Amino acid sequence: MLCVGLLAGVVAVGNDLSELVKFVEKYNPWSEENSAAPIRIGMDLTEVEGILGKPQEINFISRSYFSHGIEVNPDYEHREKVGGVTAKRLPSGVMYKGKIDGIRLGESANEVKEIKGEPTYWGIDASDSSTAIWYKKSDVLTIVHFSANENNVWVADSITLTRASSFVAYRAILLSVFQELKAGRVSQFAEELVEMSKKASFKDNKIGMISLKEFSKKYLYQSYEFVFMKPAIGGGAEIYLGFGDKLLNFWVYPVGWEKPSLRAIVEMHKFYEDFGT
């Protein structure tokens, strides 16, 4: 019995020590958990490689460093510079332990709000996940994606600090447009489309374009899935979402290289019908 008691005591002390170490590390200003990402917006990508090495994967949205748990997002206008940085659990299983804009992966939605305040936009992706957006300043966004953990608490599983006019920001910005519509408001990112839709040339278009009002009536309250995203020929990005058996194209364009704007919503089935294909 004495041995069993001693063993239980050792286990208890071990667990307590582990929790103590976690607590100390959380508030230790020199710990890895409290370190900021070594990447800043505007840095040359060659300088990034000098710090992190060569990326393991490159696409038009990001340069992924699986060994660090970091994605570096090239600037939209100046592709040789950093436009943003993302921390998330990458396919390698590695998770970045430091801070992005003062917050860490794994922190709860309430903990993040204590640090950042209430988000500028709060968009619901699904019943078990959500995306929130904060403005850092006029042209910089902090985007946090939350998902429910095993205790049904929403925790941050992706954090992005980015210029507003960036490919990595456009999907979250589009989501914020949807949420503003559901709240009975027009997002500042959709004001240009509303003005364009008042013109006669818009109403007579033959390429499947629909107004924000038409989109709200026909699709806003339907569930949707992300299909794919690509650079737009006219600048910005095309985001394709599936609403049931209908595919819609959303064109987001950076006005003045800073403020993103939703410039078009196209029903692709109408687009193909109009061109007789």
Side-chain angles (χ1 to χ4, degrees), residues 36-37 39-45 48 59-63 70-88 99-103 112-113 115-125 130-146 156 158-183 185-196 212 226 229-241 249-265:
I39 309 304
R40 66 180 186 278
I41 292 176
M43 179 183 285
D44 288 340
L45 292 178
V48 173
N59 58 42
F60 79 95
I61 295 177
S62 64
R63 300 163 70 90
I70 286 178
E71 285 184 354
V72 175
N73 311 115
D75 185 83
Y76 177 85
E77 184 181 6
H78 305 286
R79 299 293 291 171
E80 76 285 356
K81 294 184 178 294
V82 175
V85 58
T86 298
K88 64 181 179 180
K99 291 182 177 180
I100 300 291
D101 197 27
I103 53 182
V112 173
K113 284 194 286 185
I115 298 167
K116 297 291 296 176
E118 288 293 326
T120 310
Y121 297 103
W122 184 276
I124 304 299
D125 272 333
S130 177
T131 299
I133 303 176
W134 286 264
Y135 277 105
K136 185 176 176 66
K137 52 185 180 180
S138 60
D139 66 340
V140 177
L141 306 176
T142 302
I143 305 168
V144 182
H145 184 268
F146 297 96
S158 175
I159 304 168
T160 298
L161 178 66
T162 177
R163 290 189 62 197
S165 57
S166 69
F167 288 120
V168 73
Y170 289 160
R171 185 175 171 183
I173 284 171
L174 182 61
L175 178 64
S176 76
V177 170
F178 295 170
Q179 290 309 117
E180 289 290 277
L181 287 173
K182 289 179 180 178
R185 301 185 294 266
V186 174
S187 166
Q188 61 177 295
F189 301 123
E191 291 171 349
E192 184 180 22
L193 180 58
V194 171
E195 290 303 311
M196 287 173 56
L212 202 63
F226 177 79
M229 176 177 173
K230 68 182 183 69
I233 295 175
E238 294 180 26
I239 304 171
Y240 290 82
L241 302 180
N249 174 346
F250 298 82
W251 179 25
V252 183
Y253 184 90
V255 178
W257 305 112
E258 290 186 356
K259 182 180 177 180
S261 177
L262 176 59
R263 287 199 164 186
I265 305 173

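Heavy-atom basis, side chains included; hydrogens, waters and symmetry copies ignored. The structure displayed is predicted, hence computed values, not measured ones.
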Looking at side-chain heavy atoms only, is the closest gap between [X] and [Y] below 4.5 Å?
| X | Y | result |
| --- | --- | --- |
| T86 | S158 | yes |
| Y135 | L141 | yes |
| N249 | I265 | no |
| E192 | E195 | no |
| P119 | I133 | no |

On a heavy-atom basis, which atom in [X] and which in [Y] lie closest, and how many Å separate them?
| X | Y | result |
| --- | --- | --- |
| W251 | G234 | CZ2-O, 3.9 Å |
| A190 | L262 | CA-CB, 4.4 Å |
| V112 | I103 | CG1-CD1, 4.0 Å |
| P74 | R63 | CG-CD, 4.2 Å |
| P260 | A164 | CG-O, 3.2 Å |

Problem set entry | side-chain contact (heavy atoms from CB on, under 4.5 Å) against S166, all qualifying residues, sequence neighbours excluded |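 With sequence neighbours excluded, S166 shows a side-chain contact (heavy atoms from CB on, under 4.5 Å) to T162, V168, A169, given in chain and number order.
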For this session: Quick one: list whatever passes side-chain contact (heavy atoms from CB on, under 4.5 Å) with L241, sequence neighbours left out.
Result: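 Partners of L241 by the side-chain contact (heavy atoms from CB on, under 4.5 Å) criterion, ordered by chain and then number, come out as L174, F178, Y224, F226, I239, F243, F250.
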How many angstroms lie between [atom1] in [X] and [atom2] in [Y], if you round to the nearest 0.5 Å?
| X | Y | atom1 | atom2 | result |
| --- | --- | --- | --- | --- |
| D101 | K116 | CG | NZ | 3.5 Å |
| K230 | F167 | NZ | CZ | 10.5 Å |
| L212 | E180 | CG | CD | 11.0 Å |
| Y76 | F60 | OH | CZ | 10.5 Å |
| I70 | K88 | CD1 | NZ | 12.5 Å |
| D75 | E80 | CG | CD | 8.0 Å |

Exercise. Out of V255, L193, V252, which residue meets the side chain to side chain contact (heavy atoms under 4.5 Å, CB included) rule with R263?
Worked result: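 The side chain to side chain contact (heavy atoms under 4.5 Å, CB included) with R263 is passed solely by V255 among V255, L193, V252.
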Problem set entry | With I143, the side chain to side chain contact (heavy atoms under 4.5 Å, CB included) member among L161, T160, I173, I159 |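 Of the listed residues L161, T160, I173, I159, the side chain to side chain contact (heavy atoms under 4.5 Å, CB included) partner of I143 is T160.
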Problem set entry | Verdict with supporting geometry, M229 and I61, side chain to side chain contact (heavy atoms under 4.5 Å, CB included) | CA-CA 10 Å; M229 176 177 173; I61 295 177; 4.2 Å; yes
Exercise. Side chain to side chain contact (heavy atoms under 4.5 Å, CB included) between V82 and L45: does it pass, once the steps are laid out?
Worked result: CA-CA 6 Å; V82 175; L45 292 178; 3.8 Å; yes
Problem set entry | Parallel, tilted or perpendicular: rings of W134 and F146 (30°, 60°) |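 Ring orientation, 0 to 90° scale: perpendicular.
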